[in-house]
Amino acid sequence: METVVSGIRPTGNLHLGNYFGAVKAFIQMQHEYNCYFFIADWHSLTTHPKPENIVNNANTILTEYLACGIDPDLATIYIQSDVKEVLELYLYLNMNAYLGELERTTSFKEKARKQPDNVNAGLLTYPTLMAADILMHKAIKVPVGKDQEQNMEMARKFARRFNTIYGVEFFPEPASFSLGDRAIKIPGLDGSGKMGKSEGNAIYLIDDEKTIKKKVMKAVTDSGPTEPNSVKPEPIENLFTLLEIVSTEETYNFFNDQYNNCSIRYGDLKKQLAEDINAYCAPIRERIIDFSNNKEYLAKVATQGAEKARESAIKTIEEVRHIIGFRPIGK
């Protein structure tokens, strides 16, 4: 069975864009691949979060992954910092990573621009830590968005470079895995094409009914169509996209017909959309609450995931140490 690795930075609650964009695909993939899903708390240090934020955010993501349907008996889900072997591989990869190539990465330049007073070494070596996360488990496929493709090419480069330097065929070159039709792009409520935390246009899986309704009722609209069967502008198309995802076909067709004959009332559409989003999210929200109240189970899942991930990581590090010429661990 092919190995797949994917990580998520612990930056707060999951929203509908995360759920339909990746998490639902991961739920399906755990039945088809040997999956390692990790919560990238070491990566978050590049922005210097407070200690309590690191812990709370990691637990939040773990809770919500479980609530969405990631099964710890099918997939290995773990917190990055629980697998110390990643840091050792990170060190070895950094020894063969060059300053110029790291400085040229788009992710480094963008982050350096956004936080000019905190251009730290972690930002610079982000691609090598990402590569260590992937290569540690000898992943064949990595689900990533287009914004991570350059870092994936770096991971392949580091794998090739290690193999070349030491004359081995040890690390496979991981392929970027497009979720394709497994993932759905969820638009924002502000009329933009993407729902996201930083855009402030997201509906979170933990949002209650009142919060969901308030957000949806504020969604951007226009004065309405003036000609039958006219093309929907992006903000309106976004609402219909959400409607198509969470509502029944009958409901979608009802409002689509109203739009096409110029009789649509956006207030009615938004009220129905809010009800349907809440109905869709309610079971997930209930599971989030249940899991978050069961600290013992969360600790058990984290420990189990770390043990499984470390079993794979220790094997890799022992082989890497032998290839480079270091003594075996503990000797």
Side-chain angles (χ1 to χ4, degrees), residues 8 11-27 60-61 63-65 67-69 145 179 181-292:
I8 181 171
T11 55
N13 299 99
L14 298 175
H15 53 70
L16 284 177
N18 301 135
Y19 181 71
F20 285 103
V23 178
K24 280 197 73 175
F26 293 163
I27 294 168
T60 294
I61 295 300
T63 298
E64 296 189 356
Y65 259 38
C68 288
L179 296 176
D181 57 4
R182 296 171 185 248
I184 301 173
K185 183 178 179 181
I186 303 300
L189 294 171
D190 59 351
S192 67
K194 182 181 179 182
M195 181 176 289
K197 295 183 181 74
S198 59
E199 288 80 2
N201 61 8
I203 293 177
Y204 295 93
L205 300 179
I206 192 61
D207 283 346
D208 59 24
E209 182 176 6
K210 183 178 179 180
T211 301
I212 292 172
K213 183 175 182 180
K214 184 177 180 180
K215 288 181 177 181
V216 173
M217 296 307 291
K218 288 183 176 180
V220 174
T221 55
D222 58 17
S223 58
T226 57
E227 296 183 8
N229 302 311
S230 56
V231 175
K232 300 181 184 75
E234 185 175 26
I236 307 306
E237 184 64 39
N238 288 352
L239 291 178
F240 275 90
T241 297
L242 289 168
L243 200 68
E244 188 174 19
I245 293 168
V246 301
S247 304
T248 64
E249 183 178 358
E250 181 181 10
T251 298
Y252 177 87
N253 289 338
F254 172 78
F255 286 107
N256 194 48
D257 288 343
Q258 284 199 334
Y259 185 88
N260 287 332
N261 63 32
C262 303
S263 65
I264 192 166
R265 295 164 59 93
Y266 289 134
D268 293 340
L269 183 154
K270 289 180 179 181
K271 288 178 183 178
Q272 184 64 55
L273 178 59
E275 289 178 12
D276 292 345
I277 290 176
N278 181 66
Y280 193 97
C281 292
I284 300 175
R285 182 171 65 236
E286 291 171 6
R287 290 195 294 272
I288 291 173
I289 295 171
D290 288 342
F291 280 125
S292 64

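Source: prediction; values computed, not measured. Computed from heavy atoms alone, side chains included, the values below leave out hydrogens, waters and symmetry copies.
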Checklist entry - About how many Å separate CD of Gln258 and CG of Asp268, when rounded to the nearest 0.5 Å? => result 7.0 Å

Next on the checklist: Please report the interatomic distance CD1(Ile284) to CG(Leu16), rounded to the nearest 0.5 Å.
Outcome noted: 8.0 Å

Item to check | Nearest atoms (heavy-atom pairs only) where Asn201 meets Gly196 | outcome: OD1-N, 2.9 Å

Item to check | side-chain contact (heavy atoms from CB on, under 4.5 Å) assessment of Leu205 paired with Asn13 | outcome: CA-CA 7 Å; Leu205 300 179; Asn13 299 99; over 6 Å; no

Item to check | Asn278 (side chain) donor-acceptor with Ala274 (main chain) under 3.5 angstrom | outcome: no

Checklist entry - Could you state the interatomic distance from CZ (Arg287) to CD1 (Ile289), rounded to the nearest 0.5 Å? => result 11.5 Å

Checklist entry - Does some side-chain heavy atom of Ile186 sit less than 4.5 Å from a side-chain heavy atom of Tyr19? => result no

Checklist entry - For the atom pair OH (Tyr252) and CG (Leu243), what is the distance rounded to the nearest 0.5 Å? => result 7.5 Å

Item to check | Thr251/Phe255 under side-chain contact (heavy atoms from CB on, under 4.5 Å): CA gap, chis, key distance, verdict | outcome: CA-CA 7 Å; Thr251 298; Phe255 286 107; 3.9 Å; yes

Next on the checklist: Please check if the number of heavy atoms outside Lys213 that lie under 6.0 Å from its NZ is greater than 12.
Outcome noted: no

Checklist entry - Measuring from Thr248:OG1 to Asp276:CG, what's the distance to the nearest 0.5 Å? => result 7.0 Å

Checklist entry - What is the minimum heavy-atom distance between Tyr259 and Ser230, and which atoms define it? => result CE2-O, 3.5 Å

Item to check | Verdict with reasoning, Cys281 to Val246, per side-chain contact (heavy atoms from CB on, under 4.5 Å) | outcome: CA-CA 9 Å; Cys281 292; Val246 301; over 6 Å; no

Next on the checklist: Quick check against the 3.5 Å criterion: does Lys215 have a side-chain atom that pairs as donor or acceptor with the backbone of Ala202?
Outcome noted: yes

Next on the checklist: With side-chain hydrogen bond (donor to acceptor under 3.5 Å, both in side chains) as the criterion, how do Thr211 and Asp208 come out once you've worked through the C-alpha distance, each side chain's angles and the decisive distance to 0.1 Å?
Outcome noted: CA-CA 5 Å; Thr211 301; Asp208 59 24; 2.7 Å; yes

Next on the checklist: How close do Pro228 and Cys262 get, counting heavy atoms only, and between which atoms?
Outcome noted: N-SG, 3.5 Å

Next on the checklist: Quick check: closest heavy atoms across Gly188 and Asn238, and the distance to 0.1 Å?
Outcome noted: O-ND2, 3.6 Å

Item to check | Over 12 non-hydrogen atoms of neighbours within 6.0 angstrom of CD in Glu275 | outcome: yes

Checklist entry - Step by step, would you call Lys185 with Met195 a side-chain contact (heavy atoms from CB on, under 4.5 Å)? => result CA-CA 8 Å; Lys185 183 178 179 181; Met195 181 176 289; over 6 Å; no

Checklist entry - Would you say Pro225 and Ile264 make side-chain contact, with heavy atoms under 4.5 Å? => result yes

Checklist outcome for this item: In this structure, NZ of Lys214 is separated from CG of Asp207 (nearest 0.5 Å) by 11.0 Å

Next on the checklist: Test: salt bridge (Lys or Arg N to Asp or Glu O under 4.0 Å). Region: residues 237-258. Which pairs qualify, not counting sequence neighbours?
Outcome noted: none

Checklist entry - What's the shortest heavy-atom distance between Ile277 and Ile203, and which atoms? => result CD1-CD1, 3.7 Å

Checklist entry - What heavy-atom pair brings Leu14 and Glu64 nearest, and what distance separates the two atoms? => result N-OE1, 2.6 Å

